[in-house]
Amino acid sequence: MTSSYGLRGRAAVVTGATRGIGWAVARALADAGARVCVSARDPDRVRRAAGELDGVGLAGDVGDPGHPRKLTELCLDAFGRLDVLVNNAATNQPYGPLMDADPGAWREAFTVNVEAPLRLVQCAWRGWMREHGGVVVNICTEGAGHVGPDVGAYGTSKAALLHLTRQLAGELGPGVRVNSVSPGLVRTEMARFVWEPGEGEIAAALPLGRIGEPEDVARAVVWLCSEEAKWITGADLLVDGGTSVRRARIAPQGARGTARPAPTTPTRPPA
Ligand SMILES: NC(=O)c1ccc[n+]([C@@H]2O[C@H](COP(=O)([O-])OP(=O)(O)OC[C@H]3O[C@@H](n4cnc5c(N)ncnc54)[C@H](OP(=O)(O)O)[C@@H]3O)[C@@H](O)[C@H]2O)c1
């Protein structure tokens, strides 16, 4: 990252920032001069990520009721400000037809993928952004709004996050910009069940000839957070190598019954 994009001295919270897209985003923000506060569930990885970024971190599940407040307070205590919030952590469970979806697992998808981002925005707004302004980026998915046989809960929750993004953009301007980035298939743990068995075939079907790397998404997120994007709010930026152009030819292996995703979040018992 050669330009600070006006992010030098800013403070950023990134959820799910110990691997994959979140880690790439946290690194890219730090490279652009921001101080970074990270979170994820595994405490060792959080400690390592925060250490490598010379930042701070909090271990916990974004879906836990107290986590958003504790995370935003940590950022404010450590850096005295909270200019950027990237809602990246998500779960891809429950996997399978919606008719079989367990109510607890369905609620978990909405708790982690929709409610937690809202709670984090509320805490960031009350703690800093209402008075000083800021930027929020929600990580959605190119697949939101598309229909798939086994990803109904994930897709529906991400479609809700897309709408939440637009609603918050309407509520929080002019001081706070709220946008989303929707990645196509990216080489991370969450999507391993799709790209590992079929990367060659999938890459060949994409206009840009390859699947995404976490850094492809991170560059777009940092740009949206920057002054370069200061007249953009309520937008969704597709970062998908052209997946949406030829979507009909790209089906998750799991959708053909050959692989299933590893759970990214343990299912809580129904409330
Ligand atoms: N990879 C793709 O192809 C793709 C495509 C479209 C959209 N996306 C979106 O991109 C985002 C990042 O996905 P990824 O592929 O980078 O996933 P990933 O490689 O599985 O990384 C997920 C990160 O989030 C953390 N995390 C997971 N659940 C959490 C929870 N409940 N609370 C707190 N932290 C949690 C994980 O650490 P712990 O396990 O330690 O908590 C990890 O740091 C997600 O919003 C996903 O929906 C990904």
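Both ligands and their constituent atoms are indexed starting at 1 by order of listing. Sequential numbering from 1 along the given sequence is applied to the chain's residues.
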Thr91 near ligand 1 by a heavy-atom separation under 4.0 Å
no
Heavy-atom proximity to atom 35 (C) of ligand 1 ranks first, among Ser39, Ala116, Ala89, Ala49, for Ala89
So for Lys158 against ligand 1, with non-hydrogen atoms under 4.0 Å, the contacting part is side chain
Atoms of ligand 1 under 4.0 Å from any heavy atom of Glu189, numbered from 1 in the order shown, are 19 (O)
Answer with yes or no whether Ala24 contacts ligand 1, where contact means a heavy atom under 4.0 Å from a ligand atom.
-> no
A student checking ligand 1 against Leu185 at a 4.0 Å heavy-atom cut-off should list atoms 3 (O)
Heavy-atom contact under 4.0 Å between Gly63 and ligand 1?
no
Mind checking whether Thr15 has a heavy atom under 4.0 Å from ligand 1? no
Tyr154 near ligand 1, heavy-atom distance under 4.0 Å?
yes
Under 4.0 Å from one or more heavy atoms of Gly20, ligand 1 contributes atoms 16 (O), 19 (O)
**Ring geometry between Trp128 and His132 (parallel below 30°, tilted from 30 to 60°, perpendicular above 60°)** = parallel
A student comparing Val186, Val62, Thr188, Val112 should find that the heavy atom closest to atom 15 (O) of ligand 1 comes from Thr188
One finds that the ligand 1 atoms under 4.0 Å from a non-hydrogen atom of Ala90 are 27 (C), 28 (N), 44 (C), 45 (O), 47 (O)
Numbered in order shown, the ligand 1 atoms found under 4.0 Å of a heavy atom of Ala191 are 1 (N), 2 (C), 3 (O)
**Message:** Side-chain heavy atoms nearer than 4.5 Å, only ILVMFWY residues, links allowed to pass through others: does that put Leu29 and Ile232 together?
**Reply:** yes
Ser182 to ligand 1, any heavy atom closer than 4.0 Å
no
* Going through the checks in order, is the salt bridge (Lys or Arg N to Asp or Glu O under 4.0 Å) test met by Glu215 and Arg27? -> CA-CA 9 Å; Glu215 292 73 20; Arg27 253 184 326 166; 3.0 Å; yes
Hydrophobic clusters here meaning ILVMFWY residues chained together by side-chain heavy-atom distances under 4.5 Å, can you tell me if Phe110 and Met99 are in one? yes
Honestly, for Pro214 the part within reach of ligand 1 (heavy atoms, under 4.0 Å) is neither
From the list Val137, Val121, Thr165, Ile139, side chain to side chain contact (heavy atoms under 4.5 Å, CB included) partner of Asn87 resolves to Val121
Note to self: Is there a path of hydrophobic side-chain contacts, each under 4.5 Å between heavy atoms, that joins Leu172 and Leu76?
What the structure shows: yes
Of Pro183, Pro43, Gly16, Gly60, the residue with the heavy atom nearest atom 33 (C) of ligand 1 is Gly60
Closest non-hydrogen atoms of Cys37 and Leu74, given as atom of the first, atom of the second and distance, are SG-CD2, 3.8 Å
Atoms of ligand 1 under 4.0 Å from any heavy atom of Asp61, numbered from 1 in the order shown, are 30 (C), 31 (N), 32 (N)
- prompt: Just wondering, more than 12 heavy atoms not from Asp44 lying within 6.0 Å of its CG?
  reply: yes
Near Asp42 (heavy-atom distance under 4.0 Å), the atoms of ligand 1 are 40 (O)
Taking a cutoff of less than 4.0 Å between a non-hydrogen atom of the residue and any ligand atom, is Arg19 in contact with ligand 1? yes
Going by the 4.0 angstrom heavy-atom rule, the piece of Ala17 near ligand 1 is backbone
### Check against salt bridge (Lys or Arg N to Asp or Glu O under 4.0 Å), Glu73 and Lys70
CA-CA 5 Å; Glu73 282 177 2; Lys70 287 184 200 150; over 6 Å; no
Next on the checklist: In this structure, does ligand 1 have an atom that sits under 4.0 Å from one of the heavy atoms of Gly184?
Outcome noted: yes
* Is it the case that one hydrophobic cluster holds both Leu82 and Leu118, taking links as side-chain heavy atoms less than 4.5 Å apart, direct or via other members? -> yes
Nearest heavy atom to atom 38 (P) of ligand 1, choosing from Glu108, Glu142, Arg41, belongs to Arg41
Between Ser157 and Asn113, does any side-chain donor sit less than 3.5 Å from a side-chain acceptor? yes
When every non-hydrogen atom of Glu108 is compared with those of Thr91, the smallest separation belongs to O-CG2, 4.3 Å
